[in-house]
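Throughout, protein chains are lettered first and strands after them, A, B, ... in sequence-line order, and every chain is numbered starting at 1.
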Amino acid sequence: MLDFPTICFFVNLLVIQALVLPLYYAIRVSKWQQALLAITGMVSLGVITPRLLVFYVPFWLFVALLHRVTCWCRGTRIARVVFVLSLVALLVPLVAWKLLPVHFVNLFNLLTHHFLWTYCRPLGVIDSIKDYLLPLGLSFATFRALDLLIQTYVDAIPRQTISRILAYGFFAPVQIVGPLVEFRELGDSGNAARRFRLDEFVSGAGLVFIGLTKVYVLAFPLRSSREIFTYADVNPTLTVWLHLILFTWYFYLNFAGFTDIAVGAARLFGYRVQGNFNRPYFRSNIQLFWANWHMSLTRWAQRNVFVPVGGYRKRTQTRAIFATMMTIALWHDISIPLALFGLIHATALYANRLWQDHPAAKRKAPSRFNTIAAACATQLFVTLTFPLLALPMEAIPMFYGRLIGLEYAG
Amino acid sequence: MLDKLNHRLKSLFTQSGVGVACTWVSVLRIAVWVGVFMVIGQHWLSQKLTATTTTRADRFFDMQLPFGDPMVFRSGPAASGDMRLAWISGSDAQVLPLDKGDFDLLPLRVRRAMPPEQRRIDILGYVLESQRITESLHCVRNALANDADFVVLSIHPYWSFDVRTPLVRNYMVASAIASNWSYPRTLLPLLFVSEPRDWVRAIFTPSFLALQIQPEFNELLTGQLDQVFAINRTKGRLARKLHEHRLVYYPSRHAYTYWILSGVYERYTKYLPAWMISYASHRDAAKMTNAPYNELMLNSIITALTHSNAAAFLYITPLSDTELAKPGISELVARRAKYLEDRVKSLDINHRIDVLGEFPDTWRDELKFLINRDGQEDYAHLADREHVGDATGQLPNFMAHRILKKLADVRKRHAN
Amino acid sequence: MEDKLIILFAQVLGVSPESLSDATGPEDTDEWDSLKAMELVSAIEEAFAVELTTAEIMKMRTIGIAREVIRGKGIDI
């Protein structure tokens with residue numbers, strides 16, 4: 001199948017961790033621990049299919065090179081040019097995939113496999129047995145690489161060793177579904193190796209269990225709700241509404257569950273990375289929603305788009321809001337529905353910002369009833385934009401038509 | 001969230017923190033509760049799922065392999081016949097009837113072709129969705145473990161020899177591991193082609209019903225919502241539109257060698273970029289060799305048969321004339337047929353194993369292959385066209401004769 | 001001696017100064033959202049008579065880093 005099941009990745013990872021952790025915590029030298037982290041990540045990808053490594057090893061070595069060059073150019077006249085070219089170079093694979101998916105997926109698989117078959121036949125034979133795949137984790141890898149480079153450019157990250165960058169790039173728990181960890185979340189241990197701590201280990205294992213519960217006990221029974229996007233035109237409006245709402249919960253619980261597993265797995269390695277969700281469906285306005293939904297992506301967009309575009313200046317804040325939301329939307333896919341999604345949410349955020357500046361909003365704290373009503377309204381708004389994430393453009397008018405009771409006339 | 005929960009629980013209990021602090025005791029407590037719920041869960045699950053075993057048309061019923069292959073049929077209660085015949089093949093053994101209803105099976109037609117007094121045969125039909133050599137090995141071992149007296153194995157001329165094909169069902173690697181614990185020679189290459197989860201699955205599946213019948217278990221879970229709020233799944237305009245949209249990716253799945261060897265996906269070429277068609281068209285079928293992995297699996301099949309008391313009939317799946325007319329195909333099939341025949345003939349027990357690399361033209365000419373929507377012959381699938389039974393022609397008689405003759409030869413040798 | 005920067009952060013974020021330190025960042029304080037961040041930038045520029053560049057704003061992930069940035073402009077805090 002094209003899409004590798006996320007749970008399979010995590011089962012592989014947890015088994016690998018069970019084997020690697022004793023050695024990992026026995027190592028007392030930080031750089032060797034980092035090297036083991038990188039190797040673990042490579043093995044996690046390689047067991048899925050070796051051709052992933054043919055892409056990702058050069059990718060992260062290239063990132064390490066760009067990081068060095070950016071450090072070297074700091075303060076010089078060519079710094080900005082080098083920086084922009086680096087960003088463009090890193091974005092090429094992701095944008096190519098989103099704009100030309102069939103061509104890119106074919107090239108990705110065929111060329112990497114052909115390389116292995118020609119230059120490393122044993123791995124090529126193993127690779128042959130593996131299935132055709134989408135470029136797993138490319139969106140996350142690209143954005144992490146961009147974040148590293150941007151933070152390097154603004155001198156927030158000093159020059160790093162290659163092993164540290166590879167450990168960051170190949171940090172296994174976050175490779176496939178995030179969160180989009182920042183370099184400083186993984187790279188600030190200095191020269192001290194991570195030590196085993198029982199409370200962190202138990203906490204990590206607990207998070208993995210909680211994540212599995214969210215995915216298989218809470219989300220999985222709701223899985224069939226996603227079929228409403230295929231059969232909306234032959235179902236009553238009430239059924240369409242019901243399953244749309246259930247789908248938003250399936251989507252959240254599934255994503256949040258896998259994030260919990262990722263964060264838990266990271267904690268087993270002794271790293272406390274930030275989570276991705278904090279009760280987003282109970283937030284009373286759209287700004288709070290985005291501050292608590294896929295938080296790592298929101299934070300990424302905030303520091304790398306919102307701030308540079310002038311989000312902290314009143315006169316440029318509007319364009320910063322739109323640029324940020326469009327980045328978040330188009331990260332998922334470069335398509336008209338996602339562009340609409342970004343525009344709609346940006347408009348809502350802008351409207352919310354205007355409201356927050358209004359004197360009426362600054363009066364006494366809202367009542368409990370108003371807060372609940374606001375949370376329901378926010379949830380309804382978000383629910384209504386979910387079809388833009390799930391459907392191609394030609395199917396969207398029909399789906400929304402069904403929501404208001406129109407017969408499909410396409 | 002976990003930390004807050006832990007902290008809250010801690011404040012409710014004594015300072016000893018037994019079970020609510022991050023200690024080995026709390027880890028043990030979690031493990032005990034997991035064990036308790038899994039035992040209760042297993043009990044509930046086995047009760048629920050016993051009731052869902054299906055029966056097909058009173059002729060045969062689903063027989064669950066340990067790793068959940070749903071396409072295994074058994075023709076009747078255990079040990080009722082003179083002989084237990086295991087028929088292992090891909091969809092080439094399915095014959096579409098005239099009315100395009102539920103398919104017939106070649107082994108059933110073979111049984112009907114036998115003399116009435118010799119028809120008391122218990123058939124284990126391993127009809128795999130797609131024939132892959134690892135799965136074939138697993139099925140052979142399963143058949144022998146179920147005391148098959150005779151094993152018929154159809155070997156796909158492309159997929160069974162060529163490692164450049166994706167595995168259709170990803171659990172089959174785990175099943176291969178589980179069935180090869182005692183065979184280090186086969187286990188070692190599996191180490192390289194498997195993932196860690198396959199080993200976990202191989203170890204735990206025999207003990208956990210939920211893993212054994214995972215597809216049904218998944219359906220049970222996801223079907224709960226349907227029982228409360230059902231979705232009408234009639235294919236409307238939206239479903240057809242989305243199907244067209246998804247078809248764009250479909251050919252990408254089969255970009256490896258074999259898709260150019262079978263005409264099945266030609267109707268999707270409009271979705272393929274021109275450079276890919278050009279890439280694929282330069283691959284020369286006539287020069288393709290057998291993959292070492294596949295040869296190892298094939299040898300393991302033959303070894304398993306050698307160490308059993310079962311007789312066997314191995315044959316290369318017959319292809320249509322349309323398929324054989326493609327450049328290099330007939331040479332490829334001939335080469336692989338010869339490999340199989342030479343391999344079996346080199347054994348000192350080849351009296352028990354019958355092999356047929358290429359069917360005689362007289363029998364192959366009578367086969368009626370499925371005609372697809374473009375009016376072309378399918379490469380291997382059969383369908384009745386004018387009257388019931390014409391898809392297989394004299395093939396059932398031919399195979400019935402071969403099977404009964406081989407069985408008689410084997411019995412005679414044992415009697416001597 | 002009063003820490004002017006901590007007091008400024010506390011006033012803008014609406015929290016007690018004792019709850020803040022140089023290590024505090026947006027992840028540690030719910031109140032430090034993008035709206036407050038904008039107010040913080042304006043407040044710092046006004047209080048210390050400096051103009052912050054985009055790169056400097058991007059760097060300021062904690063109170064401690066903000067302190068370094070301001071010191072880098074020749075202001076002793």
Side-chain angles (χ1 to χ4, degrees), chain A residues 1-2 5 8 11-16 19 47-48 101-103 105-106 109-110 113 122 125-126 128-132 198-203 205-207 209-210 216 220-225 227-236 239 242-243 246 275 391-392 394-395 398-399 408 410, chain B residues 1-3 5-6 21-24 26-27 30 34 134 162-167 170 173 192-197 199-201 218 221-226 229-239 241-243 245 248-249 251-256 271-273 275-276 279 291-293:
Chain A
M1 70 191 90
L2 275 177
C8 296
V11 173
N12 284 344
L13 174 61
L14 291 170
V15 173
I16 293 169
L19 299 170
V47 293
I48 298 173
V102 176
H103 283 65
V105 169
N106 288 331
N109 283 273
L110 287 172
H113 172 72
V125 169
I126 293 169
S128 294
I129 295 174
K130 306 293 186 170
D131 213 338
Y132 218 55
L198 179 63
D199 58 342
E200 288 290 297
F201 186 86
V202 172
S203 168
L207 264 178
F209 272 114
I210 286 174
Y216 283 107
F220 204 73
L222 302 178
R223 198 165 177 239
S224 60
S225 62
E227 294 177 49
I228 200 61
F229 293 113
T230 307
Y231 301 108
D233 59 333
V234 295
N235 278 276
T239 305
L242 182 68
H243 282 275
L246 289 174
L391 288 168
E394 53 264 34
M398 188 284 313
F399 190 89
Y408 179 53
Chain B
M1 184 183 111
L2 184 68
D3 300 323
L5 180 66
N6 230 7
C22 290
T23 63
W24 289 111
S26 49
V27 173
I30 292 170
V34 167
T134 313
D162 190 345
V163 79
R164 286 177 175 245
T165 53
L167 286 169
N170 60 15
V173 179
F192 292 104
V193 304
S194 59
E195 299 172 36
R197 64 186 172 101
W199 292 83
V200 170
R201 200 172 178 143
N218 288 350
L221 272 185
T222 55
Q224 298 303 305
L225 183 61
D226 260 350
F229 305 117
I231 293 179
N232 174 10
R233 290 180 175 85
T234 309
K235 283 204 170 107
R237 292 287 299 270
L238 179 57
K241 208 185 269 283
L242 290 174
H243 177 66
H245 188 79
V248 171
Y249 267 116
S252 300
R253 238 202 111 212
H254 303 277
Y256 288 143
Y271 299 108
L272 288 173
W275 66 265
M276 193 174 156
Y279 171 84
Y293 173 84

Item to complete: For A/Glu227 and B/Arg233, run salt bridge (charged side-chain N to carboxylate O under 4.0 Å, His left out): C-alpha distance rounded to whole Å, both residues' side-chain angles, the deciding distance at 0.1 Å, then the answer.
Response: CA-CA 8 Å; A/Glu227 294 177 49; B/Arg233 290 180 175 85; 2.4 Å; yes

Worksheet item: Just how far is it from atom CD1 of B/Ile231 to atom CD1 of A/Ile228, taken to the nearest 0.5 Å?
Response: 4.5 Å

Worksheet entry | Whether A/Asp233 side chain and B/Arg237 backbone form a donor-acceptor pair below 3.5 Å | yes

Fill in: Separation of B/Thr222 OG1 from A/Phe220 CZ (nearest 0.5 Å)
5.5 Å

Worksheet item: Is there a side-chain contact (heavy atoms from CB on, under 4.5 Å) between B/Leu242 and A/Leu391 once you walk through the steps?
Response: CA-CA 8 Å; B/Leu242 290 174; A/Leu391 288 168; 4.2 Å; yes

Worksheet item: Does A/Asn235 offer a backbone N or O that forms a donor-acceptor pair with the side chain of B/Asn232 under 3.5 Å?
Response: no

Worksheet entry | Shortest non-hydrogen contact from A/Ala395 toward B/Leu238 | CB-CD1, 3.4 Å

Worksheet item: Do you know which of A/Val11, A/Thr230, A/Asn12, A/Ile126 has the most heavy-atom pairs with chain B at a distance under 4.5 angstrom?
Response: A/Asn12

Fill in: Heavy-atom pair of closest approach, residues B/Pro196 and A/Ile16
CG-CG1, 3.9 Å

Worksheet item: Checking A/Leu246 against chain B: side chain, backbone, both or neither under 4.5 Å from a heavy atom?
Response: side chain

Worksheet item: Which heavy atom of A/Tyr231 sits nearest a heavy atom of B/Thr234, and at what distance?
Response: CD2-O, 3.5 Å

Discussion item. Please classify the contact between A/Ser224 and chain B as side chain, backbone, both or neither, with a heavy-atom cut-off of under 4.5 Å.
Written reply: both

